[in-house]
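Below is one structure, written out as structure tokens, with a few remarks after it.
Quick note on labels: first sequence line is chain A, next is B, and so on, each numbered from 1.
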2 protein chains.
Amino acid sequence: MDRRQEIMEAAAKSFSLFGYKATTMDQVAKIANVGKGTIYTFFANKEELFNAIVLKMTEEMRAESDAVAVEGASFEQNAHARLMQMLKFRGTHQLYAKLIDEEKELRTPAVIEVLGQIEREIVSYIKAKIERAIAKGELKPCDSELVAFLLFKSYLALVVDWGKTHDEELSEEQISGLLSNTIFNCLLA
Amino acid sequence: MDRRQEIMEAAAKSFSLFGYKATTMDQVAKIANVGKGTIYTFFANKEELFNAIVLKMTEEMRAESDAVAVEGASFEQNAHARLMQMLKFRGTHQLYAKLIDEEKELRTPAVIEVLGQIEREIVSYIKAKIERAIAKGELKPCDSELVAFLLFKSYLALVVDWGKTHDEELSEEQISGLLSNTIFNCLLA
DNA sequence: TTATTGACCGAAATACATTTTCGGTCACTC
DNA sequence: GAGTGACCGAAAATGTATTTCGGTCAATAA
């Protein structure tokens, strides 16, 4: 069987279960049933192995985000569905959740770096969607970078931060209702 | 001279210079030229002394925020001026800046608690302003708590977070322009 | 020859023991 | 009776011994 594949699976399992710092290369080798040295024939070091696993995860996330978008639906509907999907993924996906926890608790630099990278990619992804919608004449022209940033941060605040200062989480209806009435409505052409 | 006053000033100076954790009661006593025991005749413990200093700071912040609001100006103008003022205060005021740094670096529980409290107060302050504007018919009815939260988080993201992922800070014009076209515009009655 | 391995290395983390610091008290002083 | 600072115990800091872990590479197997 493909050595590289086995190592990837072992690493994904270990990172998901124990996080980046608490995962040892010996551990990964043991789960993958390979000698430790073998890992280093495929990945230069622990961090590159980690990046490969995270890259695979972001591809999954993007696929799930694409899956909830409906061909022909409005920008608002698709943007909302996509962002909610990605934020759900954030809390549901074992590895993502573990990394967020590790960032908060341990401050592991490699984890901080990788999570920041993901956020930047999401914003840039939204930005592209906005530009497409402007080109199609669905949205009026605007600073797509700024609007993408604002949209993402708004969703993050409503989905993630709200619960920290309030007893119950916001429902998806509350969120879509609020943003539909405020930001989205004003973006329309 | 007023002992209590001297202690407050000494504590404010020390907290501003060294933060909460690195400020010792001996230090405060020395700066205030009183015996350590004297502090405890006015304040039950270090945390209460700290809370008193922070309360004074928030009163200053509120005063500065009120000072930039113009009687008779639009909700948008005043809300923008107030929020920008408070966020400027956040970075400019020595004690506030020091506490934010301490929260990030040391995670001192008393500091986390106090900064969270301040944010909650700001949101509740904005909420009251929104309700007043609704009562006056300037804004259309909305969930004031939600909108206050969204407004505050948006400003925070644009003023504070933007710089972390981009080379240059946003100008005040960019921020007011963006939010005027999006959130504010949709709130109008 | 080429792919794989695990004993081995040094740096970094951890655990442990010792010392110092610091919030808070209270017997004493003025 | 208001004010003080030596004193207390818990907690933090410091120093040191030990262990852990990422990465290497000579030996081995295929």
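Residue A/Lys46 is in sugar-phosphate contact alone, with no base atom involved, counting any heavy-atom pair closer than 4.0 Å across all strands shown. Residue B/Lys30 is out of contact with every strand shown, counting any heavy-atom pair closer than 4.0 Å.
In this structure, B/Ile7 places its CD1 atom 12 Å from C1' of D/dT4, rounding to the nearest Å. For the pair A/Arg107 CZ and C/dA13 P, the interatomic distance rounds to 17 Å; values are reported in whole Å. Computed from coordinates, the A/Lys21 NZ to D/dC21 P distance equals 10 Å when rounded to whole Å. In this structure, CD of A/Glu6 is placed 11 Å from P of C/dT4, rounded to the nearest angstrom. B/Gln27 places its CD atom 9 Å from the P atom of C/dC22, with the value rounded to the nearest Å. Across the protein-nucleic acid pair, A/Ile39 atom CD1 and D/dC21 atom P stand 14 Å apart, rounded to whole Å. Between the P atom of D/dA2 and the CZ atom of B/Arg4 lies a distance of 16 Å, rounded to the nearest Å. One interatomic measurement links the two molecules: CG of B/Asp26 to C1' of C/dT25, which rounds to 13 Å at whole-angstrom precision.
Here the nucleotide nearest the side chain of A/Thr24, chosen from D/dG22, D/dG5, D/dG3, is D/dG22. Taking every side-chain heavy atom of A/Val34 into account, C/dT5 is the closest of C/dT5, C/dG23, D/dG23. Candidate nucleotides C/dC8, D/dG5, D/dG3 were compared by shortest atom distance to the side chain of B/Thr38, and D/dG3 ranks first. Checking C/dT4, D/dG3, D/dG23 against every side-chain atom of A/Asn45, the shortest atom distance belongs to D/dG23. The side chain of B/Tyr40 sits closest to C/dG24 out of C/dG24, D/dG3, C/dT4. Each of D/dA6, C/dT5, D/dG22 was ranked by its minimum atom distance to the side chain of B/Lys36; first place goes to D/dA6. In this structure, the nucleotide among D/dT4, C/dG23, D/dG22 sitting nearest to the side chain of B/Met25 is C/dG23.
The aromatic rings of B/Tyr20 and B/Phe50 lie tilted to each other, with the angle between the two planes from 30° to 60°.
When the side-chain nitrogen and oxygen atoms of B/Arg3 are compared with OP1 and OP2 of D/dT4, one or more of them lie within a distance under 4.0 Å.
Side-chain atoms of A/Thr23 come within 3.5 Å of backbone atoms of A/Ser14 as a donor-acceptor pair (strictly under, hydrogens ignored).
With respect to B/Lys88 and B/Glu172, a salt bridge is recorded, a charged nitrogen being found less than 4.0 Å from a carboxylate O.
Summary of the strand contacts: A/Gly37 and A/Ala22 both lie near DNA chain D, and taking for each the nucleotide with the nearest heavy atom, the more 5' one is attributed to A/Ala22.
For the atom pair B/Phe42 CZ and B/Asp2 CG, the distance stands at 6.5 Å (nearest 0.5 Å).
Considering only heavy atoms from C-beta on, B/Glu169 stays 4.5 Å or farther from B/Gln174 through its side chain.
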